[in-house]
Amino acid sequence: MSRRSHTITKGYQRAPHRSLLRATGVVRSDDDFDRPFIGICNSYIDLIPGHVHLQEFGALVKEAVREAGGLPFEFNTIGVDDGIAMGHLGMRYSLPSREIIADSVETVVQAHCLDAIICLPNCDKIVPGMLMGALRCNIPVIFVSGGPMKAGRLPDGRKVDLVSVFEGVGQFSNGEINEVELEALEHLACPTCGSCAGMFTANSMNCIMEVLGLALPGNGTILAIDPKRGDLARSAAKRIVDMVDEGLKPRDIVTEEAFDDAFALDMAMGGSTNTILHLLAAAHEAGVDYDLARINVMSDGVPYLCKVAPATPDVHMEDVDEAGGIQAVLAELHLAGLLNSHRVTVTGHPLGHGLDAAHTSRPDIIKPASDPFRATGGLRVLFGTLAPEGCVVKTGAVAEDMHVFEGTAVIFESQDQAVEGILSGSIEPGTVVIIRYEGPRGGPGMPEMLQPTSALAGMRLDRSVAMITDGRFSGGTRGLSIGHCSPEAAAGGPIALVQEGDRITINLHDASVHWHVDEAEAARRRSELPPFESRIQSGYLARYSHLVTSASTGAILRVPEWQPSPNELSPA
């Protein structure tokens, strides 16, 4: 059969190409040119605990691909650790790194005519970046994540994770814990390699890859240190070679129904709000026009079945895996008729294949659909006068008595100002903290707000104070924290016009967020609004700020309109 790789391996004209491929050492004989070229897209980097083991893991995958009949070529993408980048300039590079990763996948795949790829991501932007690149190239792909880390344990037996440390900073600032206790959190919260232990962004996306149909069962929950993850990689290596012959491509799998199912799982597990941003971007790459308001339809119809940290302190990914993993959650959704179970997946079988036999061994962790934690899902998109294009909240991590809230606005023009204000003790109960000019364009880079939300939680204000931003939140955020407010302040959205003391109402039941200022006053303020000027005027972030679109469209990059230079306009 004809393959993409034959473009660079077949015919006398390709003798130079073959000569270079022989020089890599990957090609060991003439027969290797008849094998499908399988890219191993790795994201190994020493700076991210979720990725430090991927160099060894990648070697395992390469050998498994060769044994399965493929010719493996490993290449790398960049990665940003959101926890380490948090709270300083580095966080502004986190979301923009998604675009670099997607472009890297596209570049290597297209430049070298690869027949298929196995993606080895794990944390935050790496998963969606690789997903976007894979959908763009549309060649057979399987995702095998690096797996979650174990939860930490304090000497008294309490489970902790990275978010516990961030919240510990607020508790220390508030005098609730001492320096020794904070140091214990620092040393014990992240005990192994792997993506952070709760239902944060990385694990949310790795779980979603199973239901999208681009990863094998177990991808989302098998621990990084569990030998079963190696077995998963070997199975993926065998399967990807078969997929080349079958011609099964990601756009055959990732349809509008697939995105419905992805959001269904997201709602059932109260995933990170970042998943909305990333799935909208992936939908764009897949050529699927997915309406943001449709997410609330999913939320209204899907019960909250599996409550994981940060929604509860005692349940982490290792517990979900022990309880039956993502397949057990999908089995409940399947039984309730809430999945498009006929859809094809990389397994070669429909999504529903095997779900009748899947079950949970821990109904206290994965609830039956007939007896959920809550009848509606763990995420919601709010619309209203403050966010005409929408904003998002992780309802699964909001206390029930905060689902309807009215408060007075306190304004911060940056995350740094907000953290300083919160830790200074200036925030009173009954206020709505507004953090603006932190959106995709305004940040630039739409930085996560784990520091301010953790500070509020650590100071015990998360049950009496709301937060709204055009930036975004970590998957570890809890409380009434509303992000992605669109249009953002830098685009002249209403959030730019709010002033200290304005009244704001939030109602999660009717999915609304309103700013109580009349149209005449709003128009007056808009007429006085100064033009936006980016904080960063050079380098990648300056280019990103110029090209990035609203969070309501997934913060994708627009294609700039070409304008000829003066020389090109001159006559010859």
Side-chain angles (χ1 to χ4, degrees), residues 199-201 203-213 217 220-221 254-280 282-283 288 290-308 310-312 315 320 323-343 345 350-352 355-356 358-360 362-383 390-398 400 403 475 507-511:
M199 195 64 181
F200 313 143
T201 304
N203 290 328
S204 297
M205 287 302 302
N206 286 324
C207 292
I208 282 172
M209 297 311 292
E210 287 190 44
V211 70
L212 270 183
T221 60
V254 182
T255 60
E256 183 176 64
E257 288 183 334
F259 285 108
D260 282 345
D261 291 341
F263 281 118
L265 178 68
D266 219 8
M267 300 304 164
M269 298 191 72
S272 165
T273 53
N274 284 317
T275 57
I276 294 178
L277 196 70
H278 299 323
L279 287 173
L280 290 175
V288 175
Y290 200 90
D291 185 0
L292 190 62
R294 186 175 179 138
I295 295 170
N296 283 343
V297 176
M298 303 304 300
S299 182
D300 289 340
V302 176
Y304 189 16
L305 302 179
C306 185
K307 188 178 288 190
V308 187
T312 179
V315 179
V320 178
I326 299 309
Q327 296 301 296
V329 180
L330 294 180
E332 289 298 328
L333 296 176
H334 172 64
L335 186 64
L338 296 172
L339 288 181
N340 296 289
S341 302
H342 60 279
R343 292 174 31 239
T345 72
L351 178 66
L355 290 183
D356 290 335
H359 67 280
T360 179
R362 294 284 305 275
D364 57 321
I365 291 177
I366 301 175
K367 291 272 200 176
S370 58
D371 182 30
F373 286 106
R374 197 175 63 226
T376 54
L379 293 173
R380 202 153 182 80
V381 180
L382 313 182
F383 296 91
C391 54
V392 300
V393 61
K394 187 170 184 172
T395 53
V398 181
E400 293 289 340
H403 281 209
N507 190 322
L508 303 191
H509 301 306
D510 66 9

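Keep in mind that what you see is a predicted model, and the values were worked out from it rather than measured.
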Checklist entry - Does the side chain to side chain contact (heavy atoms under 4.5 Å, CB included) test come out yes or no for L212 and D261, once each step is laid out? => result CA-CA 7 Å; L212 270 183; D261 291 341; over 6 Å; no
Min side-chain heavy-atom separation [X]-[Y] under 4.5 Å:
{"X": "I208", "Y": "H278", "answer": "no"}
{"X": "L330", "Y": "V211", "answer": "yes"}
{"X": "P303", "Y": "L338", "answer": "yes"}
{"X": "M199", "Y": "C207", "answer": "yes"}

Nearest heavy-atom pair of [X] and [Y]: which atoms, and what distance?
{"X": "F373", "Y": "D364", "result": "CZ-O, 3.6 Å"}
{"X": "E257", "Y": "N340", "result": "O-ND2, 3.4 Å"}
{"X": "G390", "Y": "V381", "result": "CA-CG1, 4.3 Å"}
{"X": "T395", "Y": "L508", "result": "CG2-CD1, 3.8 Å"}
{"X": "E332", "Y": "P368", "result": "OE1-CA, 3.3 Å"}
{"X": "V320", "Y": "C306", "result": "CG2-SG, 3.9 Å"}

Item to check | Partner of L339 under side-chain contact (heavy atoms from CB on, under 4.5 Å), chosen from V302, L355, L265 | outcome: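 With L339 as partner, V302, L355, L265 yield a single side-chain contact (heavy atoms from CB on, under 4.5 Å), made by L355.
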Next on the checklist: Going by side-chain contact (heavy atoms from CB on, under 4.5 Å), F263 matches just one of L379, N296, I276. Which one?
Outcome noted: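 It is I276, the one option of L379, N296, I276 that forms the side-chain contact (heavy atoms from CB on, under 4.5 Å) with F263.
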Next on the checklist: Taking S272's backbone N and O only, do any of them form a donor-acceptor pair with S204's side chain (distance below 3.5 Å, no angle check)?
Outcome noted: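 Pair found, side chain donor or acceptor close to backbone of S272.
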Next on the checklist: Check whether T360 reaches the backbone of A323 with its side chain - one donor and one acceptor, N or O, closer than 3.5 Å.
Outcome noted: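 Flag set: sc T360 to bb A323 pair under 3.5 Å.
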Next on the checklist: Please determine whether side chain to side chain contact (heavy atoms under 4.5 Å, CB included) holds for the pair M298 and D266, giving the CA-CA distance in whole Å, both sets of side-chain angles, and the decisive distance to 0.1 Å.
Outcome noted: CA-CA 9 Å; M298 303 304 300; D266 219 8; over 6 Å; no
Gap between atom [atom2] of [Y] and atom [atom1] of [X] - 0.5 Å precision:
{"X": "L351", "Y": "S341", "atom1": "CG", "atom2": "OG", "value": "5.5 Å"}
{"X": "T255", "Y": "R343", "atom1": "OG1", "atom2": "CZ", "value": "5.5 Å"}
{"X": "E210", "Y": "M205", "atom1": "CD", "atom2": "CE", "value": "12.5 Å"}
{"X": "L280", "Y": "T275", "atom1": "CG", "atom2": "OG1", "value": "9.0 Å"}
{"X": "T221", "Y": "Q327", "atom1": "OG1", "atom2": "CD", "value": "9.0 Å"}
{"X": "E256", "Y": "D291", "atom1": "CD", "atom2": "CG", "value": "9.5 Å"}

Item to check | Ion pair check, R380 and D510, cut-off under 4.0 Å | outcome: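 Judged by the 4.0 Å cut-off on N to carboxylate O distance, R380 and D510 do not form a salt bridge.
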Checklist entry - So N274 and F200, side chain to side chain contact (heavy atoms under 4.5 Å, CB included) or not? Walk me through it. => result CA-CA 9 Å; N274 284 317; F200 313 143; over 6 Å; no
Checklist entry - Could you walk me through whether R374 and K307 pass the side chain to side chain contact (heavy atoms under 4.5 Å, CB included) check? => result CA-CA 10 Å; R374 197 175 63 226; K307 188 178 288 190; over 6 Å; no
